[in-house]
2 protein chains.
Amino acid sequence: MSDVTDVLKEYSKDIIKTIEENLAVIEPEELQESSIYLTRAGGKMLRPSLALISSQAVGGNKEDALNTAAAIELIHTFSLIHDDIMDDDDMRRGMPAVHKVWDNSLAILAGDTLFSKAFEMIISSKDNNAEPKRVADALAVVADACVKICEGQASDIGFEGDFDVSQEAYSNMIYKKTGALIAAATKAGAIMGGADDEQVHALYEYGRMIGTAFQIQDDYLDVAAEAEDLGRPLGSDIAKGKMTLMVVKALAEADESDRARLVEILEDENSSQDDVDEAIDLFNKYGSIEYAHNVALENINGAKEVLEILPDSEAKQQLIDIADFVLERKS
Amino acid sequence: MSDVTDVLKEYSKDIIKTIEENLAVIEPEELQESSIYLTRAGGKMLRPSLALISSQAVGGNKEDALNTAAAIELIHTFSLIHDDIMDDDDMRRGMPAVHKVWDNSLAILAGDTLFSKAFEMIISSKDNNAEPKRVADALAVVADACVKICEGQASDIGFEGDFDVSQEAYSNMIYKKTGALIAAATKAGAIMGGADDEQVHALYEYGRMIGTAFQIQDDYLDVAAEAEDLGRPLGSDIAKGKMTLMVVKALAEADESDRARLVEILEDENSSQDDVDEAIDLFNKYGSIEYAHNVALENINGAKEVLEILPDSEAKQQLIDIADFVLERKS
């Protein structure tokens with residue numbers, strides 16, 4: 001597990017260097033600072049690392065996918081900046097959010113700039129002798145993921161306070177909001193590495209499934225982790241009324257009075273820890289925590305299975321380790 | 001002049017159809033509606049028409065550049081939506097702005113969606129048998145313009161209340177904010193139409209110069225038009241304290257007391273029409289209105305000159321007519 005952290009840290013170096021180089025030319029200075037701020041705040045760099053590893057897993061090299069990988073991280077960062085404005089979240093990566101350090105206007109622009117730069121960077125791969133067709137294909141994959149991110153965020157906002165969301169609609173939302181960009185990272189990485197169609201498809205499926213598992217596991221840890229590992233009380237998502245797979249499942253399974261009570265706790269903006277614990281008990285009563293864990297586990301197993309068509313390599317092993325890491329992490 | 005309006009109207013049909021087709025798949029419905037709203041509100045479609053005409057002016061056909069043209073209109077629309085949030089402008093194209101009909105969150109997302117779709121549309125040209133190299137080149141041009149739009153808007157915000165902005169810094173800002181996308185439209189259109197390097201360069205310069213003239217003329221009309229043509233009192237930009245080439249020039253040329261008075265009027269949020277008229281008199285005293293008109297005229301003449309390398313054609317004549325139209329319009 002610490003191996004995975006080390007692997008990501010190692011890949012991060014090239015990615016951060018590429019991002020810094022590409023953003024250094026932005027002016028005015030305030031726009032440059034606000035655009036680069038969250039990268040410097042330090043992220044896991046999971047998505048871009050997956051792109052670099054996917055390129056190598058199909059026999060390409062890291063350099064082939066470097067611009068595309070860094071671009072995908074910029075798109076992730078862009079979506080964080082804009083989401084934080086929409087949700088009026090104060091903190092991100094342990095630092096004040098971009099719209100808090102500057103203001104909404106500069107945060108909107110910083111996001112837009114990162115988005116623009118991302119496409120500029122992918123397309124500039126053609127200047128490093130990348131095949132134009134690969135570049136165009138990778139770009140199509142990333143643009144498609146961007147549309148999905150927007151759609152996912154819009155659905156997420158639309159679901160607020162709607163306790164009749166079906167599991168299918170919910171799953172589609174988290175696929176778009178989280179899974180699509182992770183899947184784009186592995187697919188675009190594979191394309192830049194010269195993968196054949198079967199490999200491209202496998203790496204897309206791998207990314208989609210670990211992305212789904214990643215989101216479910218995040219929500220799962222909020223109610224099932226050790227509070228000390230999490231660094232905060234259990235159930236903070238419940239206190240905030242956040243929709244999760246566990247909520248959707250529990251609401252679908254619960255009898256009328258339990259359902260009403262759960263909705264009441266989720267809607268209450270001042271839920272006590274006792275209320276939150278009662279909600280967790282209801283999750284357990286209707287097996288929704290175990291259910292979420294099983295869905296995450298199925299996705300991780302599926303992700304590892306689709307990798308079987310790839311030749312053995314260090315990169316393939318890293319992809320397997322990352323899949324396991326998604327479920328093994330404790331916070 | 002009405003010819004130009006008719007020409008734009010004719011091109012608009014294909015462009016609107018392409019945009020409608022591409023946005024029809026967006027979900028949820030609220031995101032689709034907010035994304036398509038400003039296109040339906042009706043714009044001049046100057047930028048996408050220029051892309052289609054540029055393609056034909058180098059011997060290509062309209063269809064080669066259609067996706068790119070429509071994408072450029074989406075990028076223009078995206079920047080209007082986000083700018084209106086930043087400036088908290090209530091109205092756009094005679095309708096309530098997107099963030100007024102919906103809210104800031106959905107307006108941010110609608111802009112982001114249009115941006116994503118724009119890149120998806122350009123790249124999808126490759127599915128219509130467009131040469132991958134042309135598609136990649138056109139995409140690079142558009143991505144570069146997007147970075148410049150963000151930089152220009154950030155500079156514009158940064159210039160607010162700064163009356164020491166140099167003419168060079170001001171010109172660079174309006175080039176980025178307005179000229180860059182118009183230049184991208186003509187350049188990308190030329191690329192998709194199969195232009196050689198010299199033609200691509202000429203059409204970029206043409207777009208850059210008419211874009212610059214367009215912005216200056218907009219500001220010029222605000223103080224030099226007939227109020228009845230304009231449909232509003234003269235000098236509304238002055239009342240709002242907007243930075244224009246005329247302001248920058250007058251501030252640079254004025255003696256100390258005139259300069260102080262001009263700054264006072266610009267800073268006053270409650271300027272009377274008498275104050276505004278006094279500012280216009282100061283513009284005239286220091287020749288800044290005539291100066292702005294001359295700069296616009298030089299740009300239009302320059303734009304027509306660079307077209308000389310193109311073979312004669314109906315499209316070339318349309319480009320010349322559009323250049324003249326920029327200065328001939330009365331509002």
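If you're wondering where the values come from, they're calculated on a predicted model, not measured in any experiment. Letters go in sequence order (proteins before strands), and every chain restarts at 1.
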I need the residue from B/Leu139, B/Ile149, B/Val142 with the largest number of non-hydrogen atom pairs under 4.5 Å to chain A. B/Leu139

Distance, nearest 0.5 Å, that separates CD1 of A/Ile108 from CD1 of B/Ile108: 4.0 Å

Which atom names give the shortest non-hydrogen contact between A/Ile123 and B/Ala136, and what distance separates them? CG1-O, 3.4 Å

Is it the side chain or the backbone of A/Ile26 that comes within 4.5 Å of chain B heavy atoms, both, or neither? both

Which of the residues A/Ala145, A/Ala140, A/Ala110, A/Ala118 is involved in the greatest number of heavy-atom pairs with chain B at under 4.5 angstrom? A/Ala140

With only heavy atoms counted, which part of A/Leu31 is less than 4.5 Å from chain B, the side chain, the backbone, both or neither? side chain

Side chain / backbone / both / neither for A/Val141 at chain B, heavy atoms under 4.5 Å: neither

B/Phe115 CZ to A/Phe119 CZ distance, which is reported to the nearest 0.5 Å: 7.5 Å

Show me the donor-acceptor pairs under 3.5 Å between chain A and chain B.
unit_1	atom_1	unit_2	atom_2	d
A/Glu27	N	B/Glu151	OE2	3.0
A/Glu27	OE2	B/Lys176	NZ	3.0
A/His82	ND1	B/Asp112	OD1	3.3
A/His82	ND1	B/Asp112	OD2	2.7
A/Asp112	OD1	B/His82	ND1	3.3
A/Asp112	OD2	B/His82	ND1	2.7
A/Lys126	NZ	B/Asp137	OD1	3.1
A/Asp137	OD1	B/Lys126	NZ	3.1
A/Glu151	OE2	B/Glu27	N	3.0
A/Lys176	NZ	B/Glu27	OE2	3.0

Looking at chain A, which one of B/Pro132, B/Gly111, B/Ala143 has the largest number of heavy-atom pairs inside 4.5 Å, strictly under? B/Ala143

Measure distances from B/Ile85 to the heavy atoms of chain A and classify the residue's part below 4.5 Å as side chain, backbone, both or neither. side chain

Please state whether the side chain, the backbone, both or neither of B/Val135 comes within less than 4.5 Å of a heavy atom of chain A. neither

